[in-house]
Amino acid sequence: MEVDGRLISPLEIAGYRTRPDRLAFEVSKKKLDGIWPRFAEHLAKVMAREFPGIAPVEEVKVFKALVKHTQSEMMEPAGRWKVPPLFALPSKQRPELAHCRLEAGRWVTVKAGSRGKPGDAPPKPSEVNPLPTRRLALAESGEVPSVGGAGRQLAGPVVRTEVIPAPPSARVRVRPQPTRPTGAGAPLRPPLPQRSMPLPPRLPQSEGKGKEES
Amino acid sequence: MWRSVRERLRQGGRWMIAPVDALPQRVFECACTLAFLAMVGFNFWEWRDWLTDHGYQLTVEEARLLGYPPPLPTMPEWLVPIFGLSLLMAAGAVMLNRGRRLGLWVLFFIAVYVQAVDYLSTSAQNKMCIALYALLATGPGLKWNHDRQRLEVSRALPGVIMAMLVIIYWAAGWTKAFQGGAWLAHADSLKLVVAGFHRTETAAWALRLWPDWVWTAGQYGTLVLEIGAPIWFVWRRTRSWALLAGIGLHVGIALMMRNVGLFSLQMVAYYPLFVSGDAWRKLGRWMVASCGLVTPGSR
């Protein structure tokens, strides 16, 4: 799932940004990746509180979304600032800041981000959960569901967080996903099922619907 | 000759601390407090996230790594209404000039707490408020002059605050022009800033409609106003034009940049200091006559 900073911290700061955006900016500037595990832990708690129906979060990836000023939608914009869905951006414009995982009840950094410490080791193949790969593939095809501010995008460079719930076999049995069209005709963000994955209570329903139309 | 220099210095010192009409400063205090209330009130919409452990807060170690001083502790939920009430009472004391000094100290400590409890959500506006309330709380008090029938204050206090505004503008302009802001090197810098993550619907409309030369003119106009602030705001003949231009600049910022409007309000709150007490009295009389309102400090 793609989660924006508003779900983690709804308090806004200057521009269309929240505190996690500023945190991401400062941490990436000073290369302090040790901060992310506690951030991931907090995010997992928020997800469990806001979406009690979903499986517990076991992995968190933090991305920075970069939007070029030279793009035409920047210079002649249709409306206020909005960051496009994370996986609609080219991979160069969404560097991964951190990848954290819950291991033995403790959140640890699996891989430092592209702006991380040079000494951090890359993940071993055995550590790679097949689920992220599957989810990334789904994401590339535009099938990653978004929650928490789906219609209220943040400013860039901003933090975007992908939370990866536990594999289906771990705790919760998940119904097979219906096949969705792929390619240009595929919707970027399919409508969210209201009961299992509602929008956070602080965001009006119309905000979430607005994103679907865009 | 040395005696003459000393005499001149003494005269200058006397001029600096001579009592002047306090009405501009009273209007400034009220405007500044309103802007501070607006800023803190805005954050209060998310008080649980902002002031309590419910939200994501930096630990002491994380704050140290990020280069901040140790954060102050968050408060339990039952304390938040008391905090809010203290803020309102202190603001009321300052604005009504009843227990003003105590109110200023309370506002100072609130500004310090707001800064230190959550560094990630604070801005330049709050830092400015800390400095202003420290100055006002420790500065010379207001005295009633029976002969002139008005409140008076030492010229030094409003003088320092006016100098603060001029220095802020000058430093902002200098940074934009010469310290990496690149506003002199590129004609579209302002347009790029407005198009970025601050962009409101109004800004988007302006970006679609206005030709490039309007943005370039606005960019250089801003630089002229800011870098030239020591001249425009100090010289009496240009002061009223500078105030008008400054109001235009801040209204533009408030309309086009998301969540920067309160900072604009804070900056415009300095402007009453540059208007004479007599002008404020005239305005007060006009308001009393037309709306039944009273200006702060009038008795």
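Proteins come first, then strands; the chains are lettered A, B, ... in the order of their sequence lines, and each starts at number 1.
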Asker: If you measure from CH2 on A:Trp81 to CZ on B:Phe197, what distance do you get to the nearest 0.5 Å?
Answerer: 8.0 Å

Asker: Test your reading of the model: is there a side-chain donor-acceptor pair from B:Arg208 to the backbone of A:Pro77, 3.5 Å cut-off?
Answerer: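 Yes, the answer is positive, given that a donor and an acceptor are paired below the 3.5 Å cut-off.
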
Asker: Would you give the length of the straight line joining atom CD of B:Glu62 to atom CG of A:Leu23, rounded to the nearest 0.5 angstrom?
Answerer: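 CG of A:Leu23 is found 7.5 Å from CD of B:Glu62.
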
Asker: Chain A heavy atoms under 4.5 Å from B:Leu209: which part of the residue, side chain, backbone, both or neither?
Answerer: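 No part of it gets close to chain A.
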
Asker: With a 4.5 angstrom heavy-atom cut-off, could you sort out which part of B:Tyr119 is near chain A: side chain, backbone, both or neither?
Answerer: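 Just its backbone gets close to chain A.
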
Asker: In terms of side-chain heavy atoms, does A:Glu26 have a donor or acceptor partner in B:Tyr68 at a distance below 3.5 Å?
Answerer: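 On atom types as modelled, these side chains qualify, holding a pair under 3.5 Å.
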
Asker: In chain order, what residues pass the ring pair (Phe, Tyr, Trp, His ring centres under 6.0 Å) check against B:Phe42, with sequence neighbours excluded?
Answerer: none

Asker: Between A:Phe39 and B:Tyr56, which heavy-atom pair has the shortest distance, and what is it?
Answerer: CA-CE1, 3.7 Å

Asker: Can you tell which part of B:Asp118 gets under 4.5 Å to a heavy atom of chain A, answering side chain, backbone, both or neither?
Answerer: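 Answer is side chain: those atoms of B:Asp118 sit under 4.5 Å from chain A.
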
Asker: Let me confirm one number: the CZ-CD distance from A:Arg80 to B:Glu201, rounded to the nearest 0.5 Å.
Answerer: 7.0 Å

Asker: For A:Arg19 and B:Leu120, indicate whether the former's side chain and the latter's backbone hold a donor-acceptor pair under 3.5 Å.
Answerer: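 No; zero donor-acceptor contacts below 3.5 Å.
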
Asker: Please flag which part of B:Gln125 lies under 4.5 Å from any non-hydrogen atom of chain A: side chain, backbone, both or neither.
Answerer: neither

Asker: Donor-acceptor pair, distance only, cut-off 3.5 Å: does the side chain of B:Arg258 make one with the backbone of A:Ile13?
Answerer: no

Asker: Considering non-hydrogen atoms only, spot the tightest contact between A:Leu11 and B:Asp49 and give its length.
Answerer: N-OD2, 3.2 Å

Asker: Looking only at heavy atoms, which two atoms of B:Ala204 and A:Gly79 are closest? And how far apart?
Answerer: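 Taking B:Ala204 first and A:Gly79 second, the nearest heavy atoms are CB-O, 3.2 Å.
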
Asker: Determine the option with the most heavy-atom pairs under 4.5 angstrom with chain A, choosing from B:Asn259, B:Asp188, B:Leu207, B:Val194.
Answerer: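 Sorted descending by pairs with chain A, the first entry is B:Asn259.
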
Asker: Non-hydrogen atoms of chain A under 4.5 Å away: do they reach the side chain of B:Thr59, the backbone, both or neither?
Answerer: both

Asker: Would you compute the distance between atom OG of B:Ser121 and atom CZ of A:Arg22 and round it to the nearest 0.5 angstrom?
Answerer: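 These two atoms lie 7.5 Å from each other.
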
Asker: Write down the atom of B:His54, the atom of A:His42, and the distance for their closest heavy-atom approach.
Answerer: O-CE1, 3.7 Å

